[in-house]
Amino acid sequence: MIKIGITGQPGFVGTHLFNTLGLYPDKFIRIPFEDAYFSDTNKLKSFVTECDVIVHLAAMNRHNDPEIIYNTNIGLVKQLISACKLTKSTPHIIFSSSTQEERDNLYGKSKKDGRILFEQWADKNNGQFTGLIIPNVYGPFGHPYYNSVVATFCHQITHNETPKIEVDGVVKLIYVGELVKQIIEMIIEVETSHKDDVVIQEIKLQHTTEIKVSRILQLLQDYKANYWGKGEIPALDTPFQRNLFNTFLCYIDHSTFFPFKLKLNTDDRGSFIETVKLNSGGQVSFSTTVPGITRGNHFHTRKAERFAVIKGKARIEFRRIGTDRIYTFDLDGSQPSFVDMPIWHTHNITNTGTEELYTIFWINEHFDANDTDTYFEKV
């Protein structure tokens, strides 16, 4: 069991890393961290002694005064090193640096100088250090106007604001799930193959997408026009398309957007409903559920999924992992409607009526028993 602590645990990348580690309770023990530890020397010392690995993500990205950014970030590095020295602890420290190290700004300088301080600590104390040079990160739950242009555009488009492109350059992006996967692989590699070795390394992570800012905005505006307006699922044929759509979906105000009512076409022959309009593949399933029964209570980390109720009464609930708010939607087959499941939200569906419930399910990939991307947790 590898004991891992994350400074900046409540932040964008920290939340994804913490939650992903939680999917493997047989491999990792998560050591809780709070930002207040940096104001309490004893708690910080206790934290570093408990950890085999510390992923140092805590940092200030933006401030009106660049000097404050620099001093804050260097100060956090020095506090962590001091706690390790005082307790004679040598955890493997993984430091999130940035491609801005190469730029002439104090944020980039704080990252480069912080990385050098960690390298010097590891060298003098026979420790282990990995400095990661990370490209721009995007994904669900990023903070608009702070974490990435993707987060800002998603927020603006789903909140009826007008996006503005300052510079239409090419951005190099990595999806937060891809970043987390690589961090976990590095942890396992060092802890299993180099547990007792001195490790001092700098790794430049490669971006997985290179795209113009205007193209990102165009895709998101297409989602607004076709998904938001018509319930149409966009093309999800590449990892970037899937990841961008899943990111977009997490910025919607779910409480007002769902359930999305479908058009019921009725004549003397019966009725006809278009439940899923797709621009890519996937798998469509059909289920019946007897009264009082609940299905689900699980979540996905990459799959896009739709529940469409076409007969009977149902209650659909979902809750974002690591939070307490439960979204509740009541659907009635007399007015067919659907709810789409955001990733990292555990969800269920219950037959609340007196007759059988008929539900059509769509998911964007075929079921694979060896890679289900399904994790059980009660809503």
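In this chain, numbering begins with 1 at the start of the sequence shown. Remember, it's a predicted structure, so these values are computed and weren't measured experimentally.
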Could you check whether atom [atom1] of [X] has more than 12 heavy atoms from other residues, nucleotides or ligands sitting under 6.0 Å from it?
X      : atom1 : answer
Asn64  : CG    : no
Lys78  : NZ    : no
Asp168 : CG    : yes

Hey, what do you get for [atom1] ([X]) to [atom2] ([Y]), rounding to the nearest 0.5 Å?
X      : Y      : atom1 : atom2 : answer
Phe153 : Leu244 : CZ    : CG    : 11.0 Å
Ile116 : Phe95  : CD1   : CZ    : 10.0 Å
Asn279 : Gln241 : CG    : CD    : 9.5 Å
Leu23  : Lys27  : CG    : NZ    : 11.0 Å
Arg315 : Asp332 : CZ    : CG    : 12.5 Å
Tyr223 : Leu249 : OH    : CG    : 11.0 Å

In the structure I gave you, are the side-chain heavy atoms of [X] and [Y] within less than 4.5 Å of one another anywhere?
X      : Y      : answer
Thr238 : Arg242 : no
Leu173 : Ile211 : yes
Gln79  : Val77  : no
Ile54  : His92  : no

Any donor and acceptor pair, going by atom type alone, linking the side chain of [X] with main-chain N or O of [Y] inside 3.5 Å?
X      : Y      : result
Thr350 : Thr352 : no
Thr359 : Ala308 : no
Asp65  : Glu67  : yes
Thr256 : Asp253 : yes
Thr158 : His155 : yes
Thr15  : Gly11  : yes
Asn351 : Glu355 : yes
Thr152 : Ser148 : yes
Gln128 : Asp197 : yes
Gln9   : Ala58  : no

Tell me whether [X] is salt-bridged to [Y], with the criterion being a basic N under 4.0 Å from an acidic carboxylate O.
X      : Y      : value
Glu101 : Arg115 : yes
Lys263 : Glu274 : no
Lys112 : Glu102 : no
Asp373 : Lys303 : no
Glu365 : Arg302 : yes

task = Report the C-alpha distance between Trp344 and Phe299 in whole Å, list the side-chain angles of each, state the deciding distance to 0.1 Å, and finish with yes or no for ring-ring contact (aromatic ring centres under 6.0 Å, His included).
result = CA-CA 6 Å; Trp344 287 105; Phe299 65 96; 5.6 Å; yes
ask   = Phe338 pairs by ring-ring contact (aromatic ring centres under 6.0 Å, His included) with which of Phe260, Phe257, Phe361?
value = Phe260
query = For the ring pair Tyr70 and Tyr107, is the centre-to-centre distance below 6.0 Å?
reply = no
ask   = How are the rings of Phe318 and His345 set relative to one another: parallel (under 30°), tilted (30 to 60°) or perpendicular (over 60°)?
value =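 Rings of Phe318 and His345: perpendicular, over 60°.
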request  = Might you work through the side chain to side chain contact (heavy atoms under 4.5 Å, CB included) test for Thr288 and Val290, ending with a clear yes or no?
outcome  = CA-CA 7 Å; Thr288 64; Val290 299; over 6 Å; no
key: Verdict with reasoning, His298 to Thr374, per side chain to side chain donor-acceptor pair (under 3.5 Å)   = CA-CA 6 Å; His298 62 239; Thr374 301; 5.3 Å; no
message = So, using side chain to side chain donor-acceptor pair (under 3.5 Å) as the criterion, who are the partners of His254 when residues are at least two apart?
response =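 His254 satisfies side chain to side chain donor-acceptor pair (under 3.5 Å) with no other residue.
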query = Are His347 and Tyr327 close enough, and set up right, to give a ring-ring contact (aromatic ring centres under 6.0 Å, His included), and what steps lead you there?
reply = CA-CA 9 Å; His347 48 267; Tyr327 292 85; over 10 Å; no
remark   = In terms of heavy-atom contacts, Cys250 and Ile343 come closest through SG-O, 4.2 Å
